[in-house]
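Side chains are part of it too, since the values below use all heavy atoms of this structure and drop only hydrogens, waters and symmetry mates. One-based numbering, in listed order, for ligands and for the atoms of each. Residue numbers count from 1 along this sequence. Since the structure is predicted, the reported quantities are computational estimates derived from the model, not experimental observations.
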Amino acid sequence: MNGTTRADYVSANRGRVRDSYILMCPDNLVENSLPHLHGVVARPLATPRVRPAAFGEYLLEFEPGGGGTRPLGAGFENFLYVLDGDGLDIRAGGETHSLTPGGFAFLPQGTEFEILAPGNATRALWVKRRYEEVDGVPAPEPVTGHVEEVEHIRDESIGGTYAPLLPLDERYDMAMNVMRFDIGARFTMVEVHHQEHGLYMLEGQGVYYLGDDHLEVAEGDFVYMAPYCPQYFYATGSTRAGYLLYKDINRDGF
Ligand code: UGY
Ligand code: MN
């Protein structure tokens, strides 16, 4: 590679690994491949190797025409969110959904999916976890949609809005929320809760207080927050900040 990149200076590294959180920045992400995905660079963000994470989250970079060579997702519930590019075709349960940036699909455990980037390069996030069944609680349904078609609900405790991409009722054991913060917005409390988070910065920048640290975060950064990690965010910069947040919900923690 010609020229000097920020990664040439070790002291420019912003990545952090702590007991209660992990920060991974674009400069930290290593190329991987995953079985049955061809023409796709996979960058694992969280997996159960980050103890105690009970979910996987991957940044997928599709080359034109890249995709799955067979149905994927067996044994897990799966969520896909298109970040940018031409989009993805997701085929599941006999239907094809064409997702553009901001589009998403949730497939309950037991519904495998085919995936293809039919146009030019596309980037997407893939979240997977094992569904936690509860006696007497019906199974979740598939969901597809677009972030701009979902209601963005004002929440004073975060000083911003959240858009639940999935229903929040007890059939669902995971939430995927898009949170948005105007310039200067801040949480009104330091949250401490038993759920874990996978947070991907979609836009803007801000400061995350995690455990005992204050960390600058910006578009493209990923944060894993373990259960009980104290967390507080305030938006900085000159544009709106936003992130996509995974959270396990509606289960008792046993
Ligand atoms: O729902 C949440 O736990 C959310 N307010 N947490 C966060 O954004 N760090
Ligand atoms: Mn939280």
Side-chain angles (χ1 to χ4, degrees), residues 14-25 45-46 50-57 77 79 81 83 102 104 106 125 127 129 132 140 143 145 147 150-237 239-253:
R14 294 190 296 114
R16 292 284 180 276
V17 179
R18 298 287 184 265
D19 286 346
S20 60
Y21 73 86
I22 286 178
L23 168 65
M24 295 168 83
C25 305
L45 302 171
V50 181
R51 279 180 297 155
F55 69 104
E57 183 157 353
E77 54 186 342
F79 176 88
Y81 183 93
L83 291 171
F104 61 89
F106 168 81
L125 293 169
V127 177
R129 57 164 288 171
E132 199 179 322
V143 184
V147 63
V150 174
E151 190 185 4
H152 290 252
I153 302 162
R154 185 88 207 151
D155 178 354
E156 286 317 323
S157 73
I158 60 164
T161 61
Y162 70 97
L165 305 186
L166 304 180
L168 296 173
D169 66 75
E170 64 186 9
R171 292 171 300 163
Y172 294 82
D173 65 357
M174 59 182 275
M176 295 300 308
N177 294 338
V178 170
M179 330 275 291
R180 285 181 178 165
F181 307 88
D182 287 332
I183 300 157
R186 57 191 58 232
F187 283 18
T188 57
M189 61 182 284
V190 178
E191 293 181 10
V192 180
H193 50 64
H194 81 276
Q195 297 99 333
E196 58 184 353
H197 283 312
L199 180 160
Y200 187 87
M201 285 296 292
L202 296 171
E203 56 183 331
Q205 67 184 81
V207 173
Y208 238 105
Y209 169 75
L210 295 166
D212 293 325
D213 301 324
H214 290 83
L215 300 160
E216 284 196 289
V217 292
E219 183 177 337
D221 288 352
F222 175 80
V223 180
Y224 169 71
M225 288 177 233
Y228 298 100
C229 176
Q231 53 200 259
Y232 179 94
F233 178 71
Y234 53 98
T236 58
T239 55
R240 180 179 77 186
Y243 52 76
L244 175 64
L245 189 71
Y246 162 85
K247 183 178 189 177
D248 52 302
I249 56 165
N250 294 327
R251 297 296 182 266
D252 62 10

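- When all heavy atoms of Val150 and Pro164 are compared, the pair lying nearest together is CG1-O, 3.2 Å.
- Proximity to Tyr243 (heavy-atom distance under 4.0 Å) selects the following atoms of ligand 1: 7 (C), 8 (O), 9 (N).
- Residue contacts with ligand 1: Tyr162 is excluded, as none of its non-hydrogen atoms falls under 4.0 Å.
- With hydrogens and angles disregarded, no donor-acceptor distance shorter than 3.5 Å links the side chain of Arg180 to the backbone of Tyr243.
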Starting from the C-alpha separation in whole Å, work towards a yes-or-no answer on ring pair (Phe, Tyr, Trp, His ring centres under 6.0 Å) for Phe233 and Tyr208. CA-CA 5 Å; Phe233 178 71; Tyr208 238 105; 5.0 Å; yes
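- Counting heavy atoms closer than 4.0 Å to ligand 1, residue Tyr208 contributes side-chain atoms (C-beta onward) but none from N, CA, C or O.
- The minimum heavy-atom distance between Tyr228 and Val192, with the atom names listed, is O-CG1, 3.7 Å.
- Distance alone, capped at 3.5 Å, is enough to place a donor-acceptor pair between the Asp248 side chain and the Glu196 backbone.
- Within the protein, the N, O or S atoms sitting under 2.8 Å from the Mn ion (ligand 2) are Glu191 OE1, His193 NE2, His197 NE2, Gln231 OE1.
- The aromatic rings of His193 and His197 lie perpendicular to each other, with more than 60° between the two planes, well past the 30° mark.
- Residue contacts with ligand 1 do not include Phe233, since none of its heavy atoms lies under 4.0 Å from the ligand.
- For Leu199, no heavy-atom contact with ligand 1 is shorter than 4.0 Å.
- Here Gln195 has no heavy atoms under 4.0 Å from ligand 1, in either its backbone or its side chain.
- Atom 5 (N) of ligand 1 has as its closest protein heavy atom Glu191 OE2, 2.5 Å.
- With Tyr246 as the fixed residue, the side chain to side chain donor-acceptor pair (under 3.5 Å) test singles out one of Gln195, Arg129, Glu57: Arg129.
- The Gln231 neighbourhood of ligand 1 comprises atoms 6 (N), 7 (C), 9 (N), with distances under 4.0 Å to a heavy atom of that residue.
- Using the six-membered ring where Trp is involved, Phe187 and Tyr232 have ring planes that are perpendicular, over 60° apart on the 30 and 60° scheme.
- Heavy atoms from other residues, nucleotides or ligands lying under 6.0 Å from CZ of Arg154 number more than 12.
- Nearest protein heavy-atom neighbour of atom 3 (O) of ligand 1: Lys247 NZ, 2.8 Å.
- Annotation for ligand 1: atoms under 4.0 Å from non-hydrogen atoms of Ile158 are 5 (N).
- In this structure, Asp19 places its CG atom where only 12 or fewer heavy-atom neighbours from other residues, nucleotides or ligands lie under 6.0 Å away.
- Of all heavy-atom pairs between Tyr224 and Ala53, the closest is OH-N, 3.3 Å.
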